[in-house]
Asks: 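Sharing a structure below in structure tokens format, with a few things to ask.
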Amino acid sequence: MAMRSTAAGPCYRVRRDRSVVGWRPKIVVVAFLTVSVTVLLARTLQLSRPTASFRSSFATASANFSRVPSLDPISRRVDSSSFHAMQMKTSEVDQNISFPFKPKTPTDLQIKPSFSEWKVSDSTSELYAEEVKTSFNGRNMTNFTRSEIDGMVINREGGGEMSISSGSEIRSWGLNFSDGERLVQASRKSKIPFKSLPPDVALVYAKNEIEHAPLVIDDPDLYAPVFQNLSIFKRSYELMERILKVYIYRDGSRPIFHTPELKGIYASEGWFMKLIEQNRKFVVKDPNVAHLFYLPYSAHRLELALYVPGSHNMKPLSMFLRDYVNKISSKYPFWNRTRGSDHFLVACHDWGPYTTTLHPELCKNVIKALCNADASEGIFVRGKDVSLAETTIRSPRRPLRQVGGRPVSQRSILAFFAGYMHGRVRPILLKHWGNGKDEDMRLYGPLPSQVSRKMSYIEHMKSSKFCICPMGFEVNSPRIVEAIYYECVPVIIADNFVLPFEEILDWSVFSVVVAEKDIPILKEILLDIPLRRYLKMQECLKRVKRHFLWHSRPAKYDLFHMILHSIWFSRLNQVQAHGGD
């Protein structure tokens with residue numbers, strides 16, 4: 001009996017345990033189905049009526065997809081007859097889902113959606129807007145007028161719907177909106193036809209992308225120490241390559257227009273003109289899709305054609321440019337649209353800034369890429385205008401001839417300069433350090449023949465630790481780029497000079513800037529630089545040299561692209577928070 005009881009006990013417990021174990025998966029399945037149905041119903045309700053919590057949950061889930069800041073609201077209106085349906089799709093969402101959309105009135109359509117507040121599917125990382133080939137009245141979205149597209153604003157405060165459907169012939173492009181402005185958010189996994197976007201919309205998108213550029217600490221193609229902010233530059237350059245379109249006015253007769261000069265100290269304006277006019281990546285024939293407009297004249301050829309030697313009168317040159325701008329502004333609508341703020345010129349002649357003064361909009365609004373970048377005269381505007389690197393090209397067929405330097409161990413001269421004694425700085429420099437006053441400081445006027453027979457000008461630069469680059473009549477000097485070419489640390493003496501690409505490059509790591517008042521202690525300043533720091537400057541100089549080289553066929557990050565990038569970057573800086581000028 002005891003044994004039966006003992007056996008029964010364990011048998012009973014085994015049956016009870018099996019019973020309990022058998023019910024556990026059933027309970028779990030029921031609970032899972034209950035939760036799934038509840039979530040499905042909740043999401044269905046949320047899709048048909050977006051709530052604050054719904055938008056909040058999407059903002060968290062899509063943080064990695066859209067990071068566009070809130071911009072100042074701008075209200076734009078468009079008649080309902082000119083509003084064309086925009087259809088949308090996602091790769092992982094049913095094509096018949098309704099999208100939140102309801103304007104207060106048909107004539108009060110306002111674009112204000114933000115993908116950081118809207119969500120279609122938690123698993124959807126990309127949301128595309130589709131360009132509808134057959135829409136209202138059969139019109140293509142690419143045929144919208146500028147005001148119509150800019151006026152398409154969706155009011156997210158309403159509770160209505162805009163249908164999401166498929167079946168149209170489409171081209172997908174990433175779409176994003178920020179408060180008060182229609183923006184374009186590109187999918188990082190797809191190639192976006194930015195040519196389908198209005199130019200100003202693309203600029204606003206680019207500016208916001210740059211402001212929220214992903215962090216780049218190091219890059220195999222770029223040397224981080226020479227940049228002010230590598231992350232900003234890299235993202236901006238990428239967007240320039242993908243978005244920027246330039247229109248070149250065909251108006252203007254030779255030789256002042258469309259005739260590049262490729263040799264001499266003013267060669268920068270000629271090389272840029274040559275390369276941009278040959279370019280097919282950035283240049284477009286349709287001005288309606290352009291972000292920038294180029295005025296293709298040579299300041300040096302303007303001087304050769306119109307200046308009367310000895311007259312000291314630049315007015316004929318200024319009048320010529322004034323009349324040219326008046327001509328294109330009356331012939332085309334593009335200048336008047338922005339008062340010239342999306343136009344640019346490239347001039348390396350010393351008189352470049354002064355020939356713009358008779359036309360107020362040309363002087364104040366146009367982006368001027370100038371070698372004579374003097375911030376003290378009120379013509380060059382820091383932050384809007386661009387400091388153009390002045391390059392001396394001796395052989396147009398071989399612009400990189402003799403480029404390169406020597407190691408530090410073969411640089412026995414502390415500092416070197418040779419040049420004409422014009423301007424306010426050079427006579428003072430020669431007074432303190434010239435004519436053999438100090439063996440370490442090889443400073444001359446024009447290089448004496450007895451010296452040049454032993455060592456040429458270029459050999460002097462390659463054998464010196466520092467190359468003195470004083471201003472001449474104007475603040476700019478071709479010696480700065482020459483010093484970079486020969487890997488001789490440039491010592492820049494020119495108060496009020498805005499250094500080329502200063503918004504991008506950190507000049508302090510590969511050059512020395514000396515105030516004009518400190519010329520008497522110049523040698524002391526140079527000797528105070530520790531060897532360790534000088535070696536770092538040398539390394540930075542070698543790495544930054546690529547950004548100052550001309551190539552017959554432009555190379556990535558070379559001087560042509562750096563100039564174009566600075567002009568692009570300046571244009572983006574003019575774009576206000578609401579996307580206007």
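Not measured: the values here are computed from a predicted model.
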Asks: Indicate the atoms forming the closest heavy-atom contact of Gln278 with Arg280, along with that distance.
Replies: O-NH1, 3.4 Å
Asks: Hey, what's the ring geometry for Phe334 with Tyr247, parallel, tilted or perpendicular (30° and 60° as the breaks)?
Replies: tilted
Asks: Would you name the heavy atoms of Leu239 and Ala206 that are closest together and state the gap between them?
Replies: CD1-O, 3.7 Å
Asks: For the residue pair Tyr237 and Tyr557, does the interplanar ring angle fall in the parallel (under 30°), tilted (30 to 60°) or perpendicular (over 60°) class?
Replies: tilted
Asks: In plain terms, say whether Asp286 and Lys245 are close enough for a salt bridge, that is, a side-chain N and a carboxylate O under 4.0 Å apart.
Replies: no
Asks: For the NZ atom of Lys465 and the CG atom of Leu526, what is their distance to the nearest 0.5 Å?
Replies: 11.0 Å
Asks: Which class fits the ring pair Trp507 and Phe548: parallel under 30°, tilted 30 to 60°, perpendicular over 60°?
Replies: perpendicular
Asks: Please report the closest heavy-atom contact between Val226 and Val509, naming both atoms and the distance.
Replies: CA-CG2, 3.9 Å
Asks: So for atom NZ, which belongs to Lys263, do other residues, nucleotides or ligands contribute more than 12 heavy atoms lying within a distance under 6.0 Å?
Replies: no
Asks: Mind running side-chain hydrogen bond (donor to acceptor under 3.5 Å, both in side chains) on Tyr266 and Glu303 for me, showing each step along the way?
Replies: CA-CA 12 Å; Tyr266 305 125; Glu303 179 252 336; over 6 Å; no
Asks: CD/Glu261 to CD1/Ile393 distance, rounded to the nearest 0.5 angstrom?
Replies: 12.0 Å
Asks: If you count the non-hydrogen atoms of other residues, nucleotides and ligands that lie under 6.0 Å from CZ in Arg250, is the total more than 12?
Replies: yes
Asks: Please walk me through it: do Phe233 and Phe569 pass ring-ring contact (aromatic ring centres under 6.0 Å, His included)?
Replies: CA-CA 9 Å; Phe233 173 71; Phe569 201 73; 8.7 Å; no
Asks: Nearest 0.5 Å, please: how far is CG in Leu388 from CG in Asn372?
Replies: 11.0 Å
Asks: Can you check whether Lys462's main-chain N or O pairs, donor with acceptor, with Arg411's side chain at less than 3.5 Å?
Replies: yes
Asks: Has Lys542 got more than 12 heavy atoms of other residues, nucleotides or ligands less than 6.0 Å from its NZ?
Replies: yes
Asks: Taking the six-membered ring for Trp, are the ring centroids of Phe293 and Phe344 within less than 6.0 Å of each other?
Replies: no
Asks: Run the numbers on Phe417 and Arg479 for side chain to side chain contact (heavy atoms under 4.5 Å, CB included), then give the verdict.
Replies: CA-CA 9 Å; Phe417 167 78; Arg479 285 170 181 79; 3.4 Å; yes
Asks: Apply side chain to side chain contact (heavy atoms under 4.5 Å, CB included) to the pair His547 and Ile484, showing each step before the final yes or no.
Replies: CA-CA 10 Å; His547 303 303; Ile484 295 173; over 6 Å; no
Asks: Please confirm whether Tyr332 and Tyr249 have ring centers closer than 6.0 angstrom.
Replies: yes
Asks: Show, in sequence, the C-alpha distance, side-chain angles and deciding distance for Lys274 and Trp550, and conclude whether the side chain to side chain contact (heavy atoms under 4.5 Å, CB included) test is met.
Replies: CA-CA 11 Å; Lys274 170 184 180 290; Trp550 291 112; over 6 Å; no
Asks: Nearest heavy-atom pair of Ile243 and His291: which atoms, and what distance?
Replies: O-CE1, 3.0 Å
Asks: Using only atom types and a distance under 3.5 Å, with no angle test, would you say the side chain of Thr355 pairs donor to acceptor with the backbone of Gly352?
Replies: yes
Asks: Would you compute the distance between atom CG of Leu197 and atom OH of Tyr205 and round it to the nearest 0.5 angstrom?
Replies: 9.5 Å
Asks: Begin with the C-alpha distance, continue with both residues' side-chain angles, and end with the deciding distance and a verdict on side chain to side chain contact (heavy atoms under 4.5 Å, CB included) for Arg406 and Ser463.
Replies: CA-CA 7 Å; Arg406 294 175 179 169; Ser463 301; 2.9 Å; yes
Asks: State whether the side chain of Ser236 and the backbone N or O of Lys234 hold a donor-acceptor pair below 3.5 Å, judged by distance alone.
Replies: no
Asks: Please determine if Lys536 and Glu539 form a salt bridge, counting it only when a charged side-chain N lies under 4.0 Å from a carboxylate O.
Replies: no
Asks: Under the ring-ring contact (aromatic ring centres under 6.0 Å, His included) rule, what do Tyr486 and Phe416 come out as? Steps first, then yes or no, please.
Replies: CA-CA 13 Å; Tyr486 306 131; Phe416 168 72; over 10 Å; no
Asks: Measuring from Ile276:CD1 to Met273:CE, what's the distance to the nearest 0.5 Å?
Replies: 11.0 Å
Asks: Check Arg235 against Ala213 and note the closest heavy-atom contact, atom names and distance.
Replies: CB-CB, 3.7 Å
Asks: Are side-chain N/O atoms of Glu377 and Tyr354 paired as donor and acceptor at under 3.5 Å?
Replies: yes
Asks: Between CG of Asp374 and CG of Asp385, what distance do you get to the nearest 0.5 Å?
Replies: 12.0 Å
Asks: Can you tell whether the side chains of Arg301 and Glu269 come within less than 4.0 Å, N to carboxylate O?
Replies: no
Asks: Can you name the closest pair of heavy atoms from Leu549 and Asp558 and give their distance?
Replies: O-CB, 3.5 Å
